[in-house]
Amino acid sequence: MLLNFSRWCEGTAVSGAINNSLWLFAAIESVHLLGLCLLGGSILIVDLRLMGFGLTGQPMPRLIRQVRPWLLGAVTIMIATGIPLFLSEAIKCYYNDAFWLKITTLPFALTFTLLVRARIARDGAYVNALTQQAGAMSIVLWFVVAAAGRWIGFS
Amino acid sequence: MRSRRFVRATPRPTDALIESFLGWVGGTGWSIRLLESLYMWNWVESVHVLSIALFVGTAIMMDLRLVGLAFKGVPASEFTGRMLPWTRVGFFISVATGLVIFYSNPLRYWHNVFFRVKLVMLVLAGLNVWFFHSRIHKRVSEWDVEPVPPRAAKVAGVVSILAWAMVVVTGRMIAYNWFDCDLQPQPDWVNWLASCALETGAN
């Protein structure tokens, strides 16, 4: 069923346009990579703070509020560019272990960051075991998503 | 697949010197082993990308503060004092892994247009860093908590974002062989930019 879905994805007009273009895949991929930088920065700045590093002079609730629009913007860029990249090589992705690792970790990373970590940071008055573990957990989850994402291109 | 590309030496003496040196580097055992490795090259490349996310990501956060788009109320000096060390860590890992990647296929990268543009952008971005820290940041106490930083700081922030973005994009493009010397014919400006040595009688 998923294989049929992948076949359908590769048959879409978006997929065709990307595969018929010499530079479109590279262009979308570049924006995806720039989005990764923005995402990395907006995630790490909070994770570091939760673990007691970086902007320790800033209250956690305010920092996470200030970062939020940039974090959401970065996630939007990643999804908006990630979907066409996937569509253009959906069948390859179906047979790619790194893709499956990335796509199954991503929902955990997103829900953890947007719900659990956000709540811990909003209630965080000072660095403790809970905030430290939340920061570390976020780094681990996003590391897996990003590294596996890079690895899709290696096969 | 990754492959080795050899380009004939160009007539200019300095080029020939660089050419033979990089040819020698690329012929060393570890260079060949790395390029032909099953996973090691991929790991180095992955660490390169992830360290860029750390380096450029945290740099962008500081730039947003300098431009006045984000982190109002956070002292600029807290960014340079508390975040910059992390940015530096990311930068040094990126440079170290970048050098290893270059070592794996020096001749190919040397003749790659995107690689050359990336180096120029790196110098530009570096000059901007130098300018910011030697001039603008010296007087940070005058505007440390101002929600809107002085014009010079804003310019440095915008230049930083654009220059590093160009470094990232051109860096990614190195992987594409569109303008490689062994894919002739290429436009004259490509052959000139990449110092491609053309077979006699070509054109």
Side-chain angles (χ1 to χ4, degrees), chain A residues 21-49 51-59 62-71 73-74 77-78 98 102 139-140 142-155, chain B residues 1-2 38-39 41-65 69-87 89-90 94 114 145 161-162 164-178:
Chain A
S21 165
L22 185 65
W23 52 269
L24 203 48
F25 188 92
I28 300 172
E29 195 182 26
S30 294
V31 180
H32 198 63
L33 209 47
L34 290 173
L36 172 74
C37 292
L38 188 60
L39 183 68
S42 47
I43 283 180
L44 285 169
I45 204 168
V46 174
D47 288 344
L48 288 171
R49 174 66 185 92
M51 294 168 80
F53 304 107
L55 302 178
T56 42
Q58 303 307 310
R62 188 173 80 164
L63 188 64
I64 197 155
R65 205 172 54 240
Q66 288 181 323
V67 168
R68 197 175 162 81
W70 301 96
L71 173 67
I77 294 172
M78 295 309 273
K102 171 176 182 161
I139 289 178
V140 169
W142 286 110
F143 173 85
V144 172
V145 172
R150 179 62 195 91
W151 213 272
I152 296 171
F154 286 139
S155 43
Chain B
M1 267 319 285
R2 305 188 295 269
L38 202 52
Y39 293 120
W41 195 93
N42 296 2
W43 274 112
V44 177
E45 164 64 33
S46 297
V47 174
H48 191 61
V49 172
L50 287 164
S51 65
I52 288 171
L54 166 64
F55 153 52
V56 178
T58 51
I60 290 175
M61 292 297 117
M62 190 171 106
D63 293 335
L64 291 174
R65 170 66 183 88
L69 279 175
F71 306 111
K72 291 191 171 62
V74 181
S77 61
E78 195 176 339
F79 265 100
T80 49
R82 301 280 310 170
M83 279 312 289
L84 204 54
W86 296 94
T87 312
V89 168
S94 307
F114 294 115
V145 288
I161 290 174
L162 293 178
W164 291 120
M166 280 297 289
V167 169
V168 169
V169 171
T170 51
R172 183 62 192 87
M173 293 294 117
I174 294 172
Y176 292 92
N177 66 352
W178 305 329

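We name chains A, B, ... by the order of the sequence lines, and we start the count at 1 in each one. Owing to the predicted nature of the structure, the values given are computational and were not obtained by experimental measurement.
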| Using non-hydrogen atoms only, which part of B:Phe79 is less than 4.5 Å away from chain A: side chain, backbone, both, or neither? | both

| field | Side-chain heavy-atom pair A:Phe154, B:Trp41 within 4.5 angstrom cut-off | value | yes

| Where B:Trp178 and A:Ala26 come nearest, the two heavy atoms and their spacing | CH2-CB, 3.7 Å

| query | Any idea which heavy atoms bring B:Asn42 and A:Trp151 closest together, and the distance? | reply | CB-CH2, 3.4 Å

| said: Assess the residue pair B:Val74 and A:Arg62 against the criterion (side chain to side chain contact (heavy atoms under 4.5 Å, CB included)); give the C-alpha distance rounded to whole Å, side-chain angles, the decisive distance to 0.1 Å, and a yes or no. | reply: CA-CA 10 Å; B:Val74 181; A:Arg62 188 173 80 164; 4.2 Å; yes

| remark: Note: A:Leu48 and B:Met83 closest approach over all heavy atoms is CD1-CE, 3.9 Å

| note | Cut-off 4.5 Å, heavy atoms of chain A, and the answer for B:Trp164 is neither

Could you tabulate the donor-acceptor pairs under 3.5 Å formed by side-chain atoms of residues 39-46 of chain A, not counting sequence neighbours?
from, atom 1, to, atom 2, distance (Å)
A:Ser42, OG, A:Leu38, O, 2.8
A:Ser42, OG, A:Leu39, O, 3.2

| task | Indicate the atoms forming the closest heavy-atom contact of A:Cys37 with B:Ile52, along with that distance. | result | SG-CG2, 3.9 Å

| Among B:Val47, B:Thr58, B:Val49, B:Thr87, who wins on heavy-atom pairs under 4.5 Å with chain A? | B:Val49

| said: Taking CZ in A:Phe143 as the centre, count heavy atoms belonging to other residues, nucleotides or ligands within less than 6.0 Å. Is the count above 12? | reply: no

| field | A:Trp23 portion near chain B, given a 4.5 angstrom heavy-atom threshold | value | both

| said: Please report the interatomic distance CZ(B:Phe71) to CH2(A:Trp70), rounded to the nearest 0.5 Å. | reply: 8.5 Å

| Which residues share a salt bridge (charged side-chain N to carboxylate O under 4.0 Å, His left out) with B:Arg82, sequence neighbours left out | none

| query | Where does B:Leu54 contact chain A at under 4.5 Å (heavy atoms): side chain, backbone, both or neither? | reply | both

| said: I'd like to verify something: which residue of B:Ala59, B:Gly73, B:Pro75 has the highest number of heavy-atom pairs under 4.5 Å with chain A? | reply: B:Gly73

| query | Can you check whether B:Ala70's main-chain N or O pairs, donor with acceptor, with A:Gln66's side chain at less than 3.5 Å? | reply | no

| Just how far is it from atom CZ of B:Arg65 to atom CG of A:Leu55, taken to the nearest 0.5 Å? | 10.5 Å

| field | Distance in Å, A:Leu33 CG paired with B:Met173 CE, rounded so as to fall on 0.5 Å steps | value | 8.5 Å

| field | Per-residue contact mode, B:Leu64 against chain A (heavy atom under 4.5 angstrom) | value | side chain

| note | Assert top hit (heavy-atom pairs under 4.5 Å, partner chain B, pool A:Val31, A:Thr56, A:Val67) equals A:Thr56

